[in-house]
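What follows is a set of notes on a single structure, which appears directly below.
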Amino acid sequence: GQQLNQSPQSMFIQEGEDVSMNCTSSSIFNTWLWYKQDPGEGPVLLIALYKAGELTSNGRLTAQFGITRKDSFLNISASIPSDVGIYFCAGPYGGSQGNLIFGKGTKLSVKP
Amino acid sequence: DGGITQSPKYLFRKEGQNVTLSCEQNLNHDAMYWYRQDPGQGLRLIYYSQIVNDFQKGDIAEGYSVSREKKESFPLTVTSAQKNPTAFYLCASSILRTATNEKLFFGSGTQLSVL
């Protein structure tokens with residue numbers, strides 16, 4: 001079945017550093033979604049991408065829809081302590097009318 | 001404020017017991033979903049419902065049951081047949097799906113543990 005592979009699994013960075021993470025799939029996706037989950041809470045949608053090559057920003061966050069449609073990237077600039085959490089990529093898998101499949105997440109820790 | 005409310009936040013289940021997790025939304029969304037999250041894992045779909053009185057199994061439906069008697073409510077029952085129920089359960093909703101409308105909005109989750 002379809003799988004989304006996220007890397008890295010975890011990151012420990014210093015406040016102020018930039019962060020990059022990615023998500024790859026064995027098959028083509030028409031939509032990429034990036035979510036952030038704070039500890040003990042539900043995921044919150046950060047950015048949605050709908051077109052190959054699309055680059056979209058949300059404040060310090062920038063996400064890109066890969067040209068091959070099999071990958072997506074999320075960058076966070078000038079990280080701050082509240083960026084701590086788990087970042088998930090997700091995409092709709094075909095045959096199930098758009099139900100989402102999620103990657104296993106990238107856990108971000110920020111040292112002040 | 002519109003949103004999705006899950007209750008309780010923490011729930012404990014005894015051996016052989018069925019427990020029900022509540023999920024209510026006032027976003028007027030058509031579709032509702034239940035996901036299970038285990039530590040270090042992604043979210044796995046248990047059940048989903050696109051309209052009232054209809055629901056479909058997801059990837060890990062065994063040991064769970066749902067109902068959708070009202071548009072705003074989608075309770076999940078974890079039955080005694082679910083042998084490994086300890087997990088974080090997330091309810092989500094979305095407006096009726098179109099080509100670019102897969103966005104899910106999540107509740108704040110229920111942590112279920114076995115006594």
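Throughout, a chain's letter reflects where its sequence line sits, starting with A, and its residues are numbered from 1.
- Among all heavy-atom pairs drawn from K103(B) and A48(A), the shortest one is CE-CB, 4.2 Å.
- In this structure, Q9(A) places its CD atom where only 12 or fewer heavy-atom neighbours from other residues, nucleotides or ligands lie under 6.0 Å away.
- Grouping the Ile, Leu, Val, Met, Phe, Trp and Tyr side chains by contacts below 4.5 angstrom, directly or via other members, places I76(A) with L49(A).
- Under a hydrophobic-cluster definition in which Ile, Leu, Val, Met, Phe, Trp and Tyr are linked whenever side-chain heavy atoms come within less than 4.5 Å, directly or via other members, I46(B) and F88(A) are assigned to different clusters.
- If you take CG on L90(B) and CD on Q37(A), they are separated by 6.0 Å, rounding to the nearest 0.5 Å.
- For a heavy-atom cut-off of 4.5 Å, chain A lies close to no residue in residues 61-81 of chain B.
- Here F105(B) is tied into one hydrophobic group with I4(B), L27(B), each link being a pair of ILVMFWY side chains closer than 4.5 Å.
- Remark: the backbone N or O of L100(A) is not paired with any side-chain donor or acceptor of Y33(B) at under 3.5 angstrom.
- Under the rule for a side chain to side chain contact (heavy atoms under 4.5 Å, CB included), the partners of K9(B) that lie at least two apart in sequence or sit in another chain are E41(A), F88(B), S108(B).
- Heavy atoms of L43(B) lying under 4.5 Å from chain A belong to its backbone as well as its side chain.
- Tracing side-chain contacts under 4.5 Å through hydrophobic residues (I, L, V, M, F, W, Y), one never reaches L46(A) starting from F73(A); they form parts of separate clusters.
- Heavy-atom distances place the side chain of Q37(B), and not its backbone, under 4.5 Å from chain A.
- Y89(B) and L45(B) fall into different hydrophobic clusters, defined by Ile, Leu, Val, Met, Phe, Trp and Tyr side-chain heavy atoms under 4.5 Å apart, directly or through other members.
- Hydrophobic cluster membership differs between Y35(B) and Y47(B), with clusters built from Ile, Leu, Val, Met, Phe, Trp and Tyr side chains linked at under 4.5 angstrom.
- Counting heavy-atom pairs closer than 4.5 Å to chain B, the top-ranked of the candidates S10(A), G40(A), A90(A) is G40(A).
- Counted within 6.0 Å of NZ on K104(A), heavy atoms from surrounding residues, nucleotides or ligands total 12 or fewer; the atom is thus considered open.
- Note that OH of Y35(A) and CG of L104(B) are 4.5 Å apart. Values are rounded to the nearest 0.5 Å.
- Enclosure of atom CD in Q14(A) by more than 12 non-hydrogen atoms of other residues, nucleotides or ligands within 6.0 angstrom is indicated.
- Within residues 77-86 of chain A, no residue has any heavy atom under 4.5 Å from a heavy atom of chain B.
- The CG atom of L45(A) sits 9.5 Å away from the CZ atom of F106(B) when rounded to the nearest 0.5 Å.
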